[in-house]
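What follows is a short report on a single structure.
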Amino acid sequence: MRRRPESSSTAPDTSAKKSSGTSKTDEEAKLNHSIQIRTARRSGFTWLTLFAVIVYSSWAVYQYQYENLPVPLTAEQAGKRGFSEVAAMKHVKALTELGPHTIGSDAIELALQYVLAELENIKKTAHWEVDVEVDLFHVNVGATRLDSGMFVDRTIIYSDLDHIVLRMLPKYAPEARENAILVSSHIDTVFSTEGAGDCSSCVSVMLELARGISQWAHGFKNAVIFLFNTGEEEGLSGAHSFITQHPWSTTIRMAIDLEAMGIGGKSAIFQAGPHPLAVETFASVAKYPSGNIIFQDIFSSGVIKSATDFQVYREVAGLSGLDFVYADHGAVYHTKNDKLKLLKSGSLQHLGENMLAFLLQISTSSHLSKANATVDDIQSGHDSAGQYMVIYRQRFANMLHSSVILQSLLIWTTSLLMGGSTAAVSLAFSCLSNILMWIFSISFSVLAAFILPLISSSPLPYLSIPSLVLGLFAAPAFLGALTGQHLGYLVLKRYLSNVYAKRKQLSPAIQADLIKLETERWLFKAGSLQWLVLLVIGTYYKIGSSYLALVWLVPPAFAYGLLEATLTPGRLPKPLKLATLWMGLAIPILVSAGQVIKLTTVIIGLSVRFIRHPGGTPEWLPSVGLSLFIAVVICLTLVYLLSYIHLSGAKTSIVLSTCILFALSLAVVFSGIIPPFTEETARAVNLVHVVDTTGGFGEKPNSYISLFSFTPGKFTKEVEEIKEGFACGRHKAIDYVTFSVKYGCLTYDGTEEGWDESNIPTLDVVKDINGDKRITQVKIDTKRSIRWFLAINTEEIEDFTFNVGLEELVAADGKRSIDGWHTIQASGGKNAPTKFELTLFWLQNSTRRSDKMVQSEQRPLLRIRTDLPGVVTPKVETVLEKLPPWYSLFGKSTSPHTLSFLSSLPIDF
């Protein structure tokens with residue numbers, strides 16, 4: 001055996017040290033040589049393909065989910081028991097040919113006669129074992145106050161209304177009449193439209209449904225009641241009067257309301273519950289289910305200032321059920337363009353077949369009697385992809401969401417414990433990157449919204465071509481998001497550079513590549529963290545649409561865990577795979593792309609009637625709101641994709657392309673090539689002949705024509721073409737009781753004709769008692785007006801009673817107010833009363849002051865506006881003929897008709 005020679009213990013072994021140093025250097029060289037860093041190869045073509053696929057996929061999902069309508073069936077194809085859109089369209093045509101049919105008009109009487117005649121025909125042709133009852137129900141007078149929504153600060157008075165009620169049940173099962181399903185919609189329209197969408201389409205669907213049900217009802221366990229009401233457009237009066245006064249209302253266990261906030265398309269559920277029976281039954285049997293809980297969350301939050309009869313059925317009657325709405329072409333809502341030719345083929349077939357299947361199923365249910373019971377475990381989320389609907393209850397939602405939250409927190413905690421302080425700091429910087437992404441994205445997009453009024457004739461230049469918002473708002477939002485995240489990327493990369501600098505074994509070149517790759521991964525993971533935060537918030541507040549956070553959290557996290565993650569701390573990072581992005585985004589895009597696009601179109605449609613007080617809201621506000629929404633969508637949905645761009649060689653090309661898209665969109669707006677309004681997407685305006693006596697007693701009435709708009713923008717160019725002596729600006733705010741006009745156009749030329757002083761309403765104090773409690777009695781005479789609004793100053797008045805003749809309609813039971821006013825809103829038929837008695841109970845600290853200077857600064861005690869529906873004065877008629885074709889009169893429950901009278905009662909009367 002050969003022995004190794006021993007070294008001397010006294011002499012230093014310099015050769016060993018040299019050998020050791022050489023060995024270490026060799027090991028580092030071998031290590032550096034063995035490490036192969038793959039760079040991210042993402043060419044411009046790859047990114048072009050990626051963006052094209054995402055955009056096309058999103059649009060395809062939207063088309064399939066919302067534009068894919070069934071083929072209309074003829075009466076022969078549908079048969080006696082089916083639903084025929086062709087037959088229903090005949091009803092729409094007949095009703096719209098009557099023109100606007102407001103309550104109190106001749107047209108509404110003709111519409112009622114038409115519906116009544118059709119129902120009598122259905123009664124004659126019904127199955128011989130089906131009992132069909134038709135009731136023309138007349139309402140003398142009534143009043144209501146709702147606890148929420150847009151009518152929370154007012155009392156609604158209604159009178160002389162007519163409704164038509166149809167009930168069907170098995171002839172030999174009379175017990176079925178004790179449990180009924182209500183299907184409801186309204187016949188009346190606002191004064192400015194023939195109402196093809198809102199809601200002649202709904203009434204026509206109900207008529208065709210009634211015909212089909214009349215051949216099925218002999219096998220039902222429950223009755224079906226169809227309510228064709230009037231007065232919905234004047235404060236939900238029709239639904240309230242039926243629920244509180246009709247004898248059949250006590251048998252109703254479930255309410256289905258059909259509505260429209262546009263015209264045609266797919267009629268979707270946008271309110272459901274509180275009991276889940278209705279929505280669960282619908283989801284299980286509907287042929288083309290469509291619903292969106294996002295709209296329910298938004299609507300219930302009060303962001304959209306609107307209301308439907310379903311609110312009455314839930315609040316007043318305590319019923320559960322479903323509220324369906326047509327929401328396509330939202331810009332035509334309550335304008336002249338709500339007309340038959342814009343009603344998409346297949347729209348009625350879609351709703352009709354869904355409702356027929358639902359009614360056939362629910363009418364045979366033995367659980368209907370419990371459908372209006374109060375339950376805690378209500379449905380949390382429902383959504384549709386056009387062919388199916390996913391429903392789950394709140395209890396299951398809590399379990400599912402909590403499970404995902406806990407697992408996510410466990411994974412994050414494990415990752416941070418394994419990574420130590422470096423991982424914690426990296427997470428903090430990646431969150432900073434997300435914060436910067438939000439700040440820059442919102443800032444860039446909102447800045448673009450501020451620019452629009454400066455370069456365009458309208459602050460809403462995208463109304464006629466909604467796709468313009470991609471260039472005007474989505475492009476700067478994307479550019480801002482990329483800029484903000486890139487700044488965070490640079491900060492995080494610098495921090496990781498300091499960390500890697502301590503690792504001497506790696507060469508600087510390798511370190512630089514590893515730092516970039518690890519930074520990219522942290523940005524991707526931070527995207528899932530923001531969705532985790534949203535899921536926690538949504539679960540805590542039981543927000544139904546929080547399922548979207550679940551969808552955007554789980555698939556990307558799963559894809560990352562499957563293709564990218566490792567539990568080995570020493571493993572070096574690699575470039576993120578494009579397969580991870582494809583796998584992670586496929587399900588989120590499939591589930592949410594259509595809803596996002598649909599919600600965007602709805603918001604754009606709402607912009608036409610965005611302003612509550614014309615001139616009281618900055619012109620840029622609607623565009624800022626839309627740009628903010630788009631920036632939020634960009635930051636939420638593209639956060640994963642953005643993390644891939646920073647290492648891409650196509651980054652410059654992407655930024656340049658985005659800038660070009662934005663510049664081209666601005667150029668289109670600036671040039672005026674695309675007009676903001678068209679004849680079919682009109683600007684909502686009001687033209688009112690006002691007779692104003694609020695100046696004081698004994699003064700001559702002030703008569704003028706007022707032109708204003710609920711759509712942002714000026715009238716300068718149009719008024720120059722109209723002429724007729726209009727002057728536009730903020731001369732003097734006009735108080736229309738329910739709102740005020742702070743910007744508009746006025747003319748006094750030729751305004752003395754077409755009205756009479758005998759139509760001016762009067763507010764006469766008949767008694768004023770000063771005792772322990774001051775009480776004032778006021779007689780109100782609205783003269784010829786059957787549509788009027790009275791505001792009561794609640795800074796002086798504690799409560800009031802309201803009488804019609806000897807009947808007390810409104811008791812002194814406490815009233816809500818907004819901005820110091822409580823409003824009484826009244827409307828009715830031709831024989832509605834016009835004389836009333838109001839008893840006011842003053843606040844204890846209210847004082848009566850006589851000083852003229854103080855008096856001039858005081859708000860009046862009462863303000864009243866009366867409208868004369870259907871009356872068009874000569875001057876208004878002349879101006880109407882000169883209005884541009886892209887203008888349309890706009891009607892709503894609080895807006896004036898073409899002739900209004902204003903009056904008031906001062907505090908020191």
Side-chain angles (χ1 to χ4, degrees), residues 303-305 329-335 337 442-477 600-632 662-686 707-722 726 728-730 733 739-745 883-888 890:
V303 173
I304 299 177
K305 299 296 181 182
H329 299 296
V332 310
Y333 177 72
H334 283 190
T335 69
N337 291 318
I442 291 173
S443 299
F444 282 26
S445 187
V446 168
L447 179 62
F450 278 113
I451 292 174
L452 288 184
L454 303 177
I455 65 172
S456 172
S457 59
S458 169
L460 309 174
Y462 44 80
L463 282 176
S464 60
I465 308 291
S467 57
L468 264 178
V469 300
L470 289 174
L472 293 175
F473 302 135
T600 303
T601 62
V602 170
I603 293 173
I604 292 173
L606 289 173
S607 301
V608 173
R609 52 189 185 278
F610 177 84
I611 298 176
R612 186 179 178 186
H613 301 279
T617 304
E619 292 185 344
W620 43 259
L621 190 58
S623 290
V624 166
L626 178 60
S627 66
L628 182 62
F629 168 75
I630 291 176
V632 169
F662 177 56
L664 287 175
S665 301
L666 288 180
V668 168
V669 171
F670 180 74
S671 65
I673 297 173
I674 299 177
F677 303 103
T678 63
E679 192 166 353
E680 292 187 353
T681 306
R683 183 179 184 183
V685 302
N686 285 85
L707 174 66
F708 60 90
S709 177
F710 291 96
T711 308
K714 299 289 193 298
F715 287 105
T716 310
K717 292 183 179 179
E718 291 82 356
V719 163
E720 289 177 357
E721 296 177 4
I722 296 172
F726 277 104
C728 301
R730 300 176 180 272
F739 65 94
S740 60
V741 174
K742 298 180 180 178
Y743 170 82
C745 304
L883 286 180
W886 58 89
Y887 273 25
S888 171
F890 176 69

Below 4.5 Å, heavy atoms only, C-beta onward: do [X] and [Y] meet side chain to side chain?
{"X": "P476", "Y": "L447", "answer": "no"}
{"X": "S607", "Y": "T711", "answer": "no"}
{"X": "L472", "Y": "V669", "answer": "yes"}
{"X": "E619", "Y": "K714", "answer": "yes"}
{"X": "I722", "Y": "L883", "answer": "yes"}
{"X": "P712", "Y": "T617", "answer": "no"}
{"X": "I674", "Y": "S464", "answer": "yes"}
{"X": "T600", "Y": "F629", "answer": "yes"}

_Is it true that R683 and S888 share a donor-acceptor pair across their side chains at a distance under 3.5 Å?_
no

For a quick test of reading the model, state the closest non-hydrogen atom pair linking [X] to [Y] and the distance between them.
{"X": "Y743", "Y": "C728", "value": "OH-CB, 3.8 Å"}
{"X": "W620", "Y": "A449", "value": "CB-O, 4.3 Å"}
{"X": "K742", "Y": "G616", "value": "CD-CA, 3.9 Å"}
{"X": "A682", "Y": "E679", "value": "CB-O, 4.3 Å"}
{"X": "A448", "Y": "F662", "value": "CB-CE1, 3.9 Å"}

Is it the case that the side chain of [X] and the backbone of [Y] share a donor-acceptor pair, with hydrogens and angles ignored and the cut-off at 3.5 Å?
{"X": "S671", "Y": "A667", "result": "yes"}
{"X": "S623", "Y": "P459", "result": "yes"}
{"X": "H334", "Y": "F890", "result": "no"}
{"X": "S445", "Y": "A477", "result": "no"}
{"X": "N686", "Y": "S709", "result": "no"}

*Is the Y887 ring parallel, tilted or perpendicular to the F715 ring (thresholds 30°, 60°)?*
perpendicular

*Determine the interplanar angle of the Y462 and F473 rings, folded into 0 to 90°, and report it as parallel if under 30°, tilted if 30 to 60°, perpendicular if over 60°.*
perpendicular

*Output, in order, the C-alpha distance, side-chain angles, deciding distance and verdict of side-chain contact (heavy atoms from CB on, under 4.5 Å) for W886 and T678.*
CA-CA 5 Å; W886 58 89; T678 63; 5.7 Å; no

*Measure the spacing between CD1 of I630 and CD1 of I442 and express it to the nearest 0.5 Å.*
12.5 Å

_Using 0.5 Å steps for rounding, measure from the CG atom of L460 to the OG1 atom of T681._
12.0 Å

*Would you find more than 12 non-hydrogen atoms of other residues, nucleotides or ligands less than 6.0 Å from F670 atom CZ?*
no

*May I ask you to check whether F708 and F739 place their ring centres under 6.0 Å from each other?*
yes

